[in-house]
Structures are given as structure tokens and as C-alpha cells.
Amino acid sequence: MTSTPEQLTDRQRLSRFWRDYIWPQKGKLFAAMFFMALLAAATAAYTWVISLIIDQAGQMDESPDAYEAAKRYALIILPVLIIVPFVSGLANYLQRILTNAIALNAVGKMQKQMFASAHSADYAAFSREPTGNLISKFTNDVTVVSNATIRGLGNVIKDVLTVAFTIGAMLWHNWQLSLVMTVFLLAFWPIIAISKKMRGNARDVQEHVGLITSELKESFGGARMVKAYGLEASEAERLGRSFDERIRLFLRLVTQQARVDPILEVLGGMAIAGVVVFGMYQVNAELATAGSIGAVLTGLVILSPRLRALGTLNNVLQEGLSSVSRIYGVIDTRPTIMEAPHAKTLQKSDGHVKLNAVSFAYEDGTQALRDVSIEAKPGQTVALVGASGGGKSTIINLIPRLYEASKGSVEIDGHDIREVTLASLRRNMALVSQNVTLFDDTVAANIGLGDQEANLEAIINAAKHADAHDFISTLPDGYDTRLGEDGLSLSGGQRQRLSIARAILRDAPIFLLDEATSALDAESEAKVQAALERLEVGRTTIVIAHRLSTVQKADLIYVLENGRILESGTHKTLSTKKDGTYARLLALQLRA
Ligand SMILES: Nc1ncnc2c1ncn2[C@@H]1O[C@H](COP(=O)(O)OP(=O)(O)OP(=O)(O)O)[C@@H](O)[C@H]1O
């Protein structure tokens, strides 16, 4: 239903990420690079600070006047000790803000593109992927990408420069001694080997986070069922298993990460020991000053964390790239239900709906409709009835082109719906479903979704027609009352009436109704029914009717089973038909 993007290699993904999200911020990037270079130079300058401190201290012994010597020492050392940390601190502060801004802007842009793509994707995409998984891409994956960007920019520019400047400084101070420290570089190899192993494990951790998000969403979303069926303990056990799995995956990753430090420490210790022994020899043989030994040791201390970070950089980038790839998966998803290149605008429809020999199969191959032909003339009420799984909801989804018929056609006023724009097609319809969707916004805003240009007066008018005005008036802030997530504080009937008000406000000529099966009390049901009848006046209505009592007034009834139309007619003709399915269903419901 929706085309998925082709697989990119790591290098292609990285260059695309760079081109789309980092390079457009080149101003910030160059500024960050400048401050990183300054920071690297200031850090390498510490080798001079240490060498100066040691060598000056050595010379002090030769001066007879201790006070004069201390003053001279202070005059030389203090300005250096103030300037170097100041430059380093300021450069660090600015580069950090800039790299964070670059990373945040990059993922902000990704989130916006992902959201736009996710919503323009085919409706089928939402039933294919658990919502929690999708949400996790907006929260967890973008955080991973943001951290990897900050780390990547910092390591690749700042740390590489710092390493280069520091090695240069060390060679300048004492090149023979600096060569001894090459032992230290050997530490790279085992770290790289470990990094490779960590990569796969990091991916497992990421994927598991998506799974947990899905499970949590499902569990909290179904809180009512969980409580009603006393499933708290089994839910706790189910989620508990996921949390335990997370611990196992994380521990496996951390165990590998933890190997890096001891290896570095041992190799670092060896390098320092080598420097000290060789340095002592140089000083004794008067081949070098004590200050230059201090400078090389300082260089080692500076290099150690940077080299380590560079050694594990690959991991972080891999982790980031695997998240980038999941994000691209959403961004690059192209809907297959698209407008024809010269799609016309469907003007206000007369409400003539026709399905011509429509067949439809879901992605998993379930054949939901076979050769279904249905007609609703302007202003008629057409009811779809039949056993569960017969294909009623599928028909309702085909009319606004949420799904595309695989055979046959759907027509509105004689226009094939594939030939008109999606926006104009859907503008001609209002959908009231048994699952009322309410957003965490005011009552007025929730009704206003029916027509985003409507003013408050029109909204109140719609609410009055839907018999919702009275209960809205008793809410603490009336139409300005916030409903909270999914409007859970309202009763089933009240929620239904808000969704009817929304449909009334839409004032669309075609009304698609998936009648509520959830039991409302008699009074509530009567109100909802009356509101629906008012809504149906002057519109073509296609209703999925679960209770046959509500379809008696329909102009035409279609009885569906296993994706086929078994019979059609009015209540009167069908109920008297001998051995008819409708007559049988009617008898069953009357008996219940
Ligand atoms: N997203 C989907 N993916 C795969 N199969 C689906 C999907 N939605 C529905 N089906 C299948 O398609 C067939 C028709 O389903 P549909 O929901 O249209 O029936 P229905 O008559 O509306 O049923 P009900 O009265 O229970 O709502 C069923 O076999 C159902 O299992």
C-alpha cells in the first residue's frame, strides 16, 4: 500500500544526513569549527604551561633572593595560567552551544519531516506498524541521532585537532620521548575490535526500546480493559519480561564497553612508565629539560581521553546511523494512494455514491470484498448489515479513499474518485465512527475540527443540533473546557454527540456512519439517535448498522457476508423474504 525506501549503505546514509541536515547550517558549523580549533590549541598549550612551571621552578634554586625569585616566577606563570584557561573555557562554551544547536536543529527538521510523512502515508501504514513503535522514532531515535551528532562533530573536529596539536607540541618539546608514547597508540586495535562487536548489540538495544514503547502504550491505552478483567498482574509480568530483556541487552552492551577502560589503563600505564624511565635518562644525560618531560606527560594525559573517544566513535556513529535509517524509513515512505496528475476538484457533491464491482484485499492477502456493487442516490440512507468480518468497515474506508479498490471503481456523482483531488473528495464527507477521537483541547476546538474556519457561533449551533449544548454548558468552562487526553472524562453518549456536532459542522453531503455498538443507556441512546437523524436529513448516509432496529427506516439495506453482497432491499422486502439472511438475523436479534 505504501512504498518503502530502498536500503542505503552507511556511507550513503551519512552523506545524506550531512547534506540534508548539517550542511544547510554551514554558518554555525564554521563558527563551531573555529572555536573547536581555538579550544584544541588552548588545550595543547597546557604542555607549555607545565613545561614552563617546571623549568622556572628549577631555575629558582639558582636565585639567592627567594622573594625576588617568587615574584619573577609569578609574573611569568600567572598571566599564562589566566589566559590559557580563559581562552580554552570560552572556546569550549561557544563550540558546545553551537554543536548542540546544530544537532537540535537537525533532529527538529527530521521530526517535522517525519511527522508530515507519517500523516500523508497511506492509512494502511498505521495498521501495519504499532503506534508505539512510530512514537519511539520521534522520541528515542531522534535523541540517539542528536547525541551522535554532538559526539560526532565534537570528536571528528575538536578531538582530531586536539590530538594533532598535542602530538605536534609533544614532538616540539621532546621528539625522542614522544616516540616512546607510540606504544600508547597500540591501544587502538583492541578497542576497534571491541567496537565492532558492540555495534550489533547497540542496535538490539534500540529496537527493544521501540518494542517497550509499544507495549507501554498498549497497556496504558487499554487500562480500562486491564482493570475490568483484573489483568494487572499478568500485564506487570508481561512488561516485566520486557524490562528484564532490556536489562540483559544493556548489560551485554555495557560489559563490552567496560572492557575498553582497563585496556586503556594498562597501556596508558605502560606508556607513562616508558616516558618516566626514558625521561630520567635524558635529564641525567642533560639531553632534555625536566620541563619537556612534564610537557610530554601532560600531552599523554590530554591525548588519553581523546583517543579513547575516537576509538569508540565508530560505535556512536553506528548507533546514530541505525536510528537515522529508521527515521528515513518514515520520511521516505511515499503513499501509493495519490492524486492523478490532473485530478479535478470535486465541487459540492450531490451525494450520489456508487461502488462498481469492487474487490479489495488487505496487504496480508485477506480478501475483504469481492465484486461488491452498491449505490446510494442523493439523500438516501443506505445501511450495511451482516456478520462480523463481512466487509462493512472496508466499504466505509474505500469511499474516502483511505484504501484503494484493487478491482472495480468507486464513483461520486459519476466521477471515479481516483480522478478527483483527495482534499476535495474528503471535504465532501463526514465520518462518525464508533471509536470517537477526541484531542486534548477545548470542547470548541474539538467540534471545530469539522470545519476549521467555523466561528464559535457556528460551533454552538452544531452542538445544539447534536443535542450536546446542554451538557457542554454544565462543564466548568463551557466550550472552553479542556477535554484531557481522548476526552476520557466524558460519558460514551456525550463523546458520541460531540463527534456528531463535529460532523454537523462539516456540513458535508455524504455522511459515513459506523454505528456505535457500545451500549449507551436508553436516554443517551435516544439522544444520540435523534441527533443522528437530524444529521442525516438532506444528506446521503451510508451506515454500518449493528442493531437492525436502527435500519428500518433505511432506503436500502445491503446484507454482506465474507466480502460479498448476499441480498439487498428495504426492511420490508428483506424481512419477509423466505430463508433470507436478513430475516434470519432479524429473528436472532428479536430473540436476544
Ligand atoms: N487492516 C487489516 N488488515 C488485514 N485484514 C483486515 C484488516 N482490516 C480488516 N481485515 C479483514 O477484512 C475482512 C473484512 O473486515 P471488515 O472490518 O471490513 O468487516 P466488518 O464487516 O466491518 O466487521 P465488523 O462488523 O466486525 O466491524 C475481515 O476478514 C477482517 O479480518
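Numbering of residues begins at 1 and proceeds along the displayed sequence. Counting convention: from 1, in listed order, for ligands and their atoms alike.
- Counting protein heavy atoms only, atom 25 (O) of ligand 1 is closest to Lys392 NZ, 3.0 Å.
- Look at Glu237 and Arg241 and you find a salt bridge, because one of the NZ, NE, NH1 or NH2 atoms lies within 4.0 Å of a carboxylate O, short of that distance.
- A salt bridge links Asp204 with Arg252; the closest basic N to acidic carboxylate O contact falls under 4.0 Å.
- The residues Arg16 and Asp20 are annotated as salt-bridged, a charged nitrogen and a carboxylate oxygen being separated by less than 4.0 angstrom.
- Near Gly390, meaning under 4.0 Å from any of its heavy atoms, are these atoms of ligand 1: 19 (O), 20 (P), 21 (O).
- Crowding of Arg418 atom CZ: a count of heavy atoms from other residues, nucleotides or ligands under 6.0 Å exceeding 12.
- Regarding atom 14 (C) of ligand 1, its nearest protein heavy-atom neighbour is Gly389 O, 3.4 Å.
- A side-chain donor from one of Ser219 and Glu235 sits under 3.5 Å from a side-chain acceptor of the other.
- Between Gly391 and ligand 1, an N or O atom pair is found at a separation short of 3.5 Å.
- Distance remark: protein heavy atom not present below 4.0 angstrom from atom 31 (O) of ligand 1.
- The distance from ligand 1 to the heavy atoms of Thr366 drops below 4.0 Å at these ligand atoms: 5 (N), 11 (C), 12 (O), 29 (O).
- Using modelled atom types, one finds no donor on one side chain facing an acceptor on the other under 3.5 Å when comparing Glu419 with His342.
- Around atom 18 (O) of ligand 1, the closest heavy atom drawn from Leu369, Thr394, Leu384 belongs to Thr394.
- Ligand 1 has no nitrogen or oxygen under 3.5 angstrom from a nitrogen or oxygen of Ile544.
- For atom 27 (O) of ligand 1, the closest non-hydrogen atom on the protein side is Ser393 OG, 3.6 Å.
- Atom numbering of ligand 1 starts at 1 in the shown order; those under 4.0 Å from a heavy atom of Ala368 are 12 (O), 13 (C), 14 (C).
- By the ring-ring contact (aromatic ring centres under 6.0 Å, His included) test, Phe17 pairs with Tyr21, sequence neighbours left out.
- Considering only non-hydrogen protein atoms, atom 26 (O) of ligand 1 sits nearest to Ser388 OG, 2.6 Å.
- Of the protein's non-hydrogen atoms, the one nearest atom 9 (C) of ligand 1 is Tyr362 CE1, 3.5 Å.
- In this structure, the ring-ring contact (aromatic ring centres under 6.0 Å, His included) partners of Phe115, at least two apart in sequence or on a different chain, are His119.
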